[in-house]
Amino acid sequence: MHLPCRTFNETYEQDMAIVRTRLQWILLAAAIVFGLCIPLFTGTYMLTVIITTMSIIIAALGIQILTGYCGQLSVGHSAFVAVGAYSSALLVSQSGLSFWIAVPVAGIAAGLVGLLVGLTSIRLKGFYLIISTLAAQFIIMYVIIHWTSVTGGSFGMSAPAPKLGGIEFATTQSYFYIVFIALLIATYVAKNIVRTNVGRAFIAIRDNDLAAEVMGIHLTAYKLLAFFIGCAFAGIGGALAAHARGVITPDSYTLVQSFWYLGYIIIGGLGTITGVFFGVIFVSALNNGLAMFLSSLSTIFPGAGSLLAPLMLVIFGLVIILFLTFEPRGLAHRWQIFKAYYRLWPFSY
Amino acid sequence: MVSEDKAKLKLEHLHLSFGGVHALIDVSLDVREGEILSIIGPNGAGKTCILNCINGFYRPQQGNIYFEGRDITRLQSHKIAGLGIARTFQNIELFTGLSVQDNLLAGRHFYMTGGLVGSILGGVYLGRTHREEVEQRRAIEDIIDFLEIEAIRKQVVGTVPYGLRKRVELGRALALGPRVLLMDEPMAGMNLEEKEDMARFILDIYEERVNTIVLIEHDMGVVMDISDRVVVLDFGRKIAEGKPSEVKGNPDVIKAYLGKAAA
Amino acid sequence: MLRVNNIEVCYSEVILVLKGVSLDVPDRSIVALLGANGGGKTTLLKAISGLLKTEEGEVTDGSIEFGGKRIDHIEPEQRVSMGISQVMEGRMVFEHLTVDENLEAGHYVRRRESSLNSERDMVFSYFPRLKDLCRQVSGYLSGGEQQMLVIARALMARPKLFLLDEPSMGLAPIIVEEIFDIVKRIKEEQGASVLLVEQNAVAALSIADHGYVMENGKIVLDGPASKLMDNPDVKEFYLGLSELGEKKKYSEVKHYKRRKRWLV
Amino acid sequence: MSVILEHLVIGIAVGAVYSIVALGFVLIYKATGVFNLAQGSLLCLGAYICYFLSITVGLPFYVSIILTLVVAFAIGLLIEFVFLRRMIGQSHLAILMITIGLYLMLRGVVLIAWGVYSKSLPSYLSAEPINILGANVLPIFALSLVAAAILFAVFILFFRYTSIGVAMRATQDNQQVAQSVGISVKRVFGMSWAIASLTAAVGGIIVGTILSVGYSLDDFGFKVLPAVILGGLESVPGALIGGIILGVVEHFGAAYLGSWLIGIEDVIPYVILLVLLLIVPYGIFGLKRIERI
């Protein structure tokens with residue numbers, strides 16, 4: 001919104017650019033270089049946490065597009081993540097397909113399932129639409145749990161690590177780079193979708209579907225597109241996480257997980273791409289911080305570690321409520337205020 | 001300017017009812033190329049229903065609507081918009097989360113053909129989608145300038161005051177590059193000064209941009225002064241049609257709508 | 001009866017909407033409040049009725065007195081039972097309820113004091129048309145009928161002070177006439193006062209005893225209604241008459257506008 | 001033939017339980033416009049409180065039932081006061097998310113307080129089936145039929161004939177306008193949460209007796225959603241009929257398809273619901289939104 005001091009837009013191209021000033025380019029480059037260096041100084045455990053967080057961000061970008069931008073509330077996001085995870089795992093381990101093809105295909109598969117669920121959005125709005133995504137959550141997970149011959153049922157199945165021309169990306173370090181690059185691409189794609197014509201159509205539908213129609217926006221087509229894109233991101237995020245862990249079980253894709261995805265974008269801020277990063281990283285940090293605290297506590301009180309999951313539920317639920325009550329625009333909004341404050345740095349007013 | 005026989009928009013024997021309530025009964029009317037046509041009538045007479053039928057929100061049970069000779073009765077709303085029929089709403093229906101500029105750009109939706117792949121790959125610095133965005137920005141700047149809303153270009157619509165919002169909505173309708181503009185109570189809730197501004201914009205639009213305008217309005221001063229023809233509705237029926245001066249003197253209209261004061 | 005002393009109103013703790021507004025509504029009188037959109041008229045009404053709180057608005061300075069008691073910190077429902085009823089703009093009926101049930105909801109504050117039926121009959125004496133519609137779902141009424149219903153609903157609480165917000169908005173001239181007649185009758189027969197916010201200045205000043213003009217959150221002019229109608233600025237900007245007293249034509253709107261004197 | 005009848009009767013009896021849970025849902029939605037996804041959590045909490053009072057504290061069962069209802073009423077008031085009061089006037093979506101937050105929180109609380117293992121309530125009814133219309137039904141189901149009948153009669157009359165009932169419906173229509181006619185929106189909200197929590201506790205005690213008391217009872221809130229939607233979000237009679245349809249469909253599903261597709265009864269309601277919603281988008285008894293564009 002506000003430009004740094006002494007920066008003026010003279011052409012529409014400049015006005016539209018995401019990365020506008022030289023400083024922003026430098027910061028972006030620095031961030032990418034820093035990202036690439038992460039494996040050099042973190043341990044395997046920490047790196048796994050980071051990889052998981054990054055794949056969650058990719059999936060959360062999907063729900064941000066679907067719910068945050070297009071306004072189609074989804075309470076079944078983790079089921080679409082599951083579709084991606086299982087498709088990719090099946091394609092690699094059963095059909096022997098290469099990881100590099102399986103992941104995009106998994107994304108498309110999840111997107112298509114999403115499209116099917118999205119068909120209900122043509123007639124349903126608001127609370128009634130929640131039901132169809134909730135139904136998707138239950139029905140998809142029912143199929144995964146009970147189709148034991150294919151999915152291994154509640155015992156789960158394995159998702160082999162990727163290979164590229166004989167080189168196995170078995171180490172956490174090498175897998176980090178795959179996910180990191182995927183995250184960069186996903187962010188770039190998401191940002192582009194939401195700031196061009198397609199994104200404007202999504203927001204138009206979210207804010208006022210009647211007016212959107214009068215402006216010539218094909219409601220059905222764009223709602224379905226939002227479902228496809230949102231669920232495709234979920235699928236790709238799910239597939240990447242699955243291969244990172246090596247094993248997948250249905251209990252990582254419960255309704256509670258779907259609520260977590262909604263929580264990420266509430267905490268980060270609905271309708272912003274940056275917000276997704278803030279939301280997921282915030283919750284992930286909270287979760288891991290709490291885990292560390294409890295495990296250190298369990299030396300004094302044995303059994304404190306088993307409190308992690310329920311305690312995290314309480315804290316997460318409370319954080320969602322607090323954000324909705326006191327900072328409904330999420331962390332991204334705080335970040336905007338912070339940036340505006342340092343706009344004239346080093347001479348702040 | 002008004003050509004007598006060229007009907008831009010033709011409504012033939014429209015019947016519309018909602019569960020037993022008749023909203024429109026056998027309404028026929030022509031909107032001629034190059035005129036400002038006002039539709040007046042008491043509340044609930046079916047004025048807005050006519051607009052809703054024209055742009056495809058409601059499907060009349062009987063009757064047909066032709067636009068430039070083409071039957072549009074059963075077309076979907078977004079297709080009708082694409083043909084060049086734009087409208088504004090009684091209670092301002094803007095995209096409150098978008099900036100003024102993006103609201104207008106959303107109105108240019110039809111002119112952007114890049115689609116999804118284009119916007120994924122070329123949205124930022126390359127390709128046709130990018131050129132398109134720049135082009136459309138130029139087109140809407142023209143409208144922004146025309147409606148004198150430069151100062152709020154980048155403001156989120158939710159924070160813009162009421163009078164200006166009406167103008168933004170008008171701008172969004174213009175962004176569609178329409179051949180017919182339907183306006184539903186553009187002056188509602190405005191004071192005299194704002195009404196004058198709005199009247200000026202409507203007349204300017206009529207001269208420079210859209211030569212066929214359909215207006216629903218309650219302010220008789222505005223209706224009688226700026227419209228070429230007036231159609232009067234009452235309980236879903238058309239009870240009068242003609243030049244403002246003719247309608248003003250029509251005893252049926254006085255009885256049903258205008259009241260003693262106007263006589 | 002109502003005295004507003006120099007109040008300031010803020011939204012979301014930042015946006016100052018009213019900047020020191022004072023206003024009096026004497027007993028048994030109609031006071032018209034004119035002014036441009038976004039000038040703060042509706043905000044003033046909501047400050048008086050207490051509905052500001054649901055919109056993150058707050059009276060930050062000054063006081064509002066009703067019948068000698070300060071009311072600016074009490075809950076809206078208490079103000080209704082003290083005798084202040086607001087009729088909000090936009091014909092806000094409870095659209096899924098029938099006409100009868102709407103009236104019953106209006107009677108809620110007096111449910112222990114008077115019988116529903118007698119109050120309803122009193123209201124029907126002003127709005128005979130509603131009697132025939134009483135089993136209908138109010139969402140399907142016409143605009144004029146809805147406007148009558150919301151006034152009737154407010155009347156069910158037997159208020160001493162009506163706050164009427166834009167009762168003529170979007171209504172046919174003939175209905176506006178009818179509604180204004182009824183408002184005048186209510187004032188005379190019920191002994192109530194009315195604070196009327198209205199864009200239709202001609203109609204408003206014709207029934208009002210006193211008038212205020214409000215712009216940008218300040219009162220810029222006030223006086224007896226007859227005197228206001230003679231003021232040249234009011235004539236030009238609110239009544240639509242040129243300086244010679246002729247009606248202006250919209251087809252000849254100028255691009256240059258005379259500046260209002262009170263804004264300089 | 002008699003087999004089908006027996007399935008039908010049992011289905012209806014199970015459905016009565018669903019309707020009680022659905023009723024709590026409808027009550028909150030009707031008065032406050034909140035789509036309460038934490039309804040199941042209230043049920044679960046009710047069951048645990050009853051367990052706590054009757055087993056842990058050791059009160060006589062009937063005393064603990066009454067105490068449970070009192071506590072549940074208070075909890076409803078408390079939840080509304082602490083978490084929802086500030087949200088009056090906010091968007092429905094935001095409030096929906098608050099209830100999601102509540103769901104997560106309450107599940108956490110229950111897990112911390114009572115752990116993951118299920119508990120059982122004292123057996124206060126005989127396990128001898130009784131005969132209704134030729135079908136053998138457990139007494140608990142008969143009890144739930146009676147409870148459902150009483151609750152529904154009370155609430156239908158309440159909304160139609162009392163001023164407070166009308167005030168609650170008015171508040172659902174438009175909060176600010178309700179306030180402008182002197183209805184205390186806060187009181188209406190508090191009341192409806194309290195009543196809904198009480199209803200949920202009744203459901204919790206019944207469900208807890210039929211199954212057992214465990215943390216996953218909160219999923220019941222989602223299980224009855226098809227019933228709520230089917231009946232229409234704001235219709236009390238709709239909740240009754242929706243609940244019974246759900247019970248019957250589920251029971252027949254389990255009886256006739258369950259042998260091939262294990263657990264199919266859990267998803268059948270959703271499949272049917274989806275198909276139905278595409279035909280009747282507002283449910284069977286739902287209010288059609290009155291749109292005046």
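Here is how names work: the chains are called A, B, and so on, in the same order as the sequence lines, proteins then strands, and each is numbered from 1.
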Looking only at heavy atoms and a cut-off of under 4.5 Å, which of C:K46, C:H107, C:R110 has the most pairs with chain D? C:K46

Over 12 non-hydrogen atoms of neighbours within 6.0 angstrom of CZ in C:R185: yes

Would the number of heavy atoms belonging to other residues, nucleotides or ligands and lying under 6.0 Å from NZ of D:K186 be above 12? no

Please state whether the side chain, the backbone, both or neither of [X] comes within less than 4.5 Å of a heavy atom of chain D.
X: C:M92; result: both
X: C:A154; result: neither
X: C:E75; result: side chain
X: C:V150; result: neither

Heavy-atom closest pair, residues C:L51 and D:S180: CD1-CB, 3.6 Å

Where do C:E104 and D:S163 come nearest, in terms of heavy atoms and distance? OE2-CA, 3.7 Å

Criterion side chain to side chain contact (heavy atoms under 4.5 Å, CB included) against C:Y108, the qualifying member of D:V181, D:V166, D:I164: D:I164

Side chain to side chain contact (heavy atoms under 4.5 Å, CB included) between C:E77 and D:R187, worked out: CA-CA 11 Å; C:E77 57 270 13; D:R187 238 174 73 197; over 6 Å; no

If you measure from CG on D:N174 to CE on C:M88, what distance do you get to the nearest 0.5 Å? 6.0 Å

